[in-house]
J.: 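Before I ask anything, here is the structure I am working with.
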Amino acid sequence: MRILGGQRLAGTIVETEAYLGVQDRAAHTFNGRSTARNTSMWGDGGHAYVYFTYGMHYCLNAVAGRPQEPIAVLLRALEPTEGLDAMRARRVTARKDTDLCSGPAKLCQALGVDRALDGTDLVASDDLFVERCRGRAFPAWKIVIGPRVGVAYAREWAEKPLRFHVAGNPHVSR
DNA sequence: CCCGTGATTTAT
DNA sequence: TAAATCACGGGG
């Protein structure tokens with residue numbers, strides 16, 4: 001997932017949200033918005049979209065559409081699997097290991113992800129990438145689907161079932 | 001419940 | 001230029 005200073009920091013993705021193009025009121029690309037910040041969302045799938053918000057937090061998305069089709073998956077939580085000590089050192093406020101990556105900005109802090117990694121090729125890069133679960137794919141019946149978090153302003157899009165998480169996994173946010 | 005924090009966006 | 005917003009996290 002992330003190589004930082006020669007060390008491997010990794011986790012299994014256990015929570016995501018989808019952001020669907022120009023019609024999705026909750027998406028940064030709603031109504032065709034194309035700005036310096038969201039450029040990566042308009043690019044090819046398989047690349048990172050990292051944005052900065054609330055004056056202190058970064059969030060990481062995997063862009064999932066074709067060029068000019070701004071669809072992305074927000075990575076909301078990981079179950080840490082490698083480099084836990086380094087993650088604990090980066091996440092000074094985390095009191096338990098389930099606090100390490102249980103939120104979109106927490107996981108970025110744990111892995112040392114910031115805007116410098118915006119646009120990273122998540123398939124080919126050596127420092128930030130996604131790989132298939134090795135022997136640990138979750139069956140569909142373990143995936144809970146529901147409304148997204150923190151998008152109340154998005155009116156009819158606020159309630160759409162676009163959040164996905166592993167049932168009962170303690171590393172999920174909220 | 002409330003607050004920090006500042007880049008980004010949107011309204012003038 | 002100025003004001004409002006915000007795909008959040010931490011503390012009480």
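Everything numeric in this text was worked out from a predicted model, so none of it was measured. Letters A, B, ... mirror the listed sequences (proteins, then strands); counts begin at 1.
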J.: Look at A:R37 together with A:D118 and state whether they make a salt bridge at an N to O cut-off of under 4.0 Å.
T.: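 Judged by the 4.0 Å cut-off on N to carboxylate O distance, A:R37 and A:D118 do not form a salt bridge.
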J.: Under 4.0 Å between a side-chain N or O of A:Y153 and OP1 or OP2 of C:dA7?
T.: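 Yes, such a contact exists.
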J.: May A:F52 be described as stacking on the base of B:dG6, applying a 5.5 Å centroid limit and a 30° limit on plane angle?
T.: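 Here the ring of A:F52 and the base of B:dG6 are not stacked, as the 5.5 Å and 30° limits are not both satisfied.
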J.: How long is the line joining CD of A:E15 and P of C:dA7, in whole Å?
T.: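 Roughly 16 Å, once rounded to whole Å.
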J.: Sort out the partner of B:dT5 for me: Watson-Crick or G-U wobble, both distances under 3.5 Å, none otherwise.
T.: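 Here B:dT5 is not engaged in any pair, so there is no nucleotide opposite it.
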J.: For A:R76, answer base if it contacts any base atom (sugar-phosphate contacts may also be present), sugar-phosphate if it contacts only those atoms, and nothing otherwise; contact means non-hydrogen atoms under 4.0 Å.
T.: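 It contacts sugar-phosphate atoms only.
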J.: Rounded to the nearest Å, what distance is computed from the CZ atom of residue A:F30 to the C1' atom of nucleotide B:dT9?
T.: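 Taking CZ of A:F30 and C1' of B:dT9, I get 14 Å after rounding.
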J.: Whole-Å distance between C:dC6 P and A:R148 CZ?
T.: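 Between P of C:dC6 and CZ of A:R148: 14 Å.
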J.: Nearest-Å distance, NZ (A:K106) to P (C:dC8)?
T.: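 These atoms are roughly 11 Å apart.
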J.: For the pair A:E131 and A:R8, find out whether any cationic side-chain nitrogen is under 4.0 Å from an anionic carboxylate oxygen.
T.: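 Salt bridge present between A:E131 and A:R8.
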J.: Going by purine N1 to pyrimidine N3 plus the second Watson-Crick contact, or the G-U wobble pair, all under 3.5 Å, which nucleotide sits opposite C:dA7?
T.: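 By the stated definition (distances under 3.5 Å), nothing pairs with C:dA7.
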J.: Once you apply a heavy-atom cut-off of 4.0 Å, does A:T93 come out as touching a base, just sugar-phosphate, or nothing?
T.: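 Touches sugar-phosphate only.
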J.: In whole Å, I'd like the distance from the CE atom of A:M41 to the P atom of C:dA7.
T.: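 For the pair A:M41 CE and C:dA7 P, the rounded distance is 12 Å.
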J.: Over how many whole Å does the gap from A:R91 atom CZ to C:dG11 atom P extend?
T.: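 After rounding, the gap between these two atoms is 10 Å.
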J.: Looking at A:R174, I'd like to know whether one of its side-chain N or O atoms comes within less than 4.0 Å of OP1 or OP2 on C:dG10.
T.: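 Looking at the OP1 and OP2 atoms of C:dG10, neither is under 4.0 Å from any side-chain N or O of A:R174.
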J.: Quick one: pull up OG in A:S40 and NE2 in A:H28 and give me the separation to the nearest 0.5 Å.
T.: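 Answer for the OG-NE2 pair, A:S40 versus A:H28, is 12.5 Å.
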J.: A:Y54 side chain: which of C:dC8, C:dA7, B:dT10 is closest?
T.: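 My answer, after comparing the listed nucleotides, is C:dC8.
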J.: According to a strict under-4.0 Å criterion, is A:R115 in side-chain N/O contact with OP1 or OP2 of B:dA7?
T.: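 For A:R115, the contact criterion (side-chain N or O under 4.0 Å from OP1 or OP2 of B:dA7) is not met.
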J.: Got a second to check how far A:D24's CG is from A:N31's CG, nearest 0.5 Å?
T.: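 The CG atom of A:N31 is 12.0 Å from CG of A:D24, to the nearest 0.5 Å.
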J.: With a 4.0 Å limit, can you tell me whether A:T35 has a side-chain N or O closer than that to the phosphate oxygens OP1/OP2 of B:dT9?
T.: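 Yes, within the criterion.
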J.: Under 4.0 Å: is that the gap between some side-chain N or O of A:R37 and OP1 or OP2 of B:dT9?
T.: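 A:R37 to B:dT9 OP1/OP2: side-chain N or O found under 4.0 Å.
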J.: Find out whether A:W157 and A:L20 are in side-chain contact, i.e. whether some heavy atom of one side chain is under 4.5 Å from a heavy atom of the other.
T.: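 Yes; the side chains approach each other to less than 4.5 Å.
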J.: Please report, rounded to the nearest Å, how far the P atom of B:dA7 is from the OH atom of A:Y49.
T.: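 Taking OH of A:Y49 and P of B:dA7, I get 16 Å after rounding.
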J.: Please report the interatomic distance CG(A:L122) to CG(A:N61), rounded to the nearest 0.5 Å.
T.: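 The CG atom of A:L122 sits 10.0 Å away from the CG atom of A:N61.
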J.: Tell me which of A:M56 and A:H28 sits closer to the 5' end of DNA chain B, going by the nucleotide each one is nearest to.
T.: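 It is A:M56, whose closest nucleotide lies nearer the 5' terminus.
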J.: Contact class for A:A26 (heavy atom, under 4.0 Å): base, sugar-phosphate, or nothing?
T.: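 If one applies the 4.0 Å heavy-atom cut-off, A:A26 turns out to touch a base.
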J.: Do any side-chain nitrogens or oxygens of A:R95 fall under 4.0 Å of OP1 or OP2 in C:dG10?
T.: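 Indeed not, no polar side-chain atom of A:R95 lies that close.
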J.: Counting any heavy atom closer than 4.0 Å, what does A:R25 reach on the DNA or RNA strands: base, sugar-phosphate only, or nothing?
T.: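 No contact.
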J.: Using whole Å, what does the distance between atom C1' of nucleotide B:dA7 and atom CZ of A:R33 come to?
T.: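 Going from A:R33 (CZ) to B:dA7 (C1'), I get 14 Å.
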J.: Which value, in whole Å, describes the distance between the C1' atoms of nucleotides B:dC1 and C:dA7?
T.: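 One C1' to the other, the span is 22 Å.
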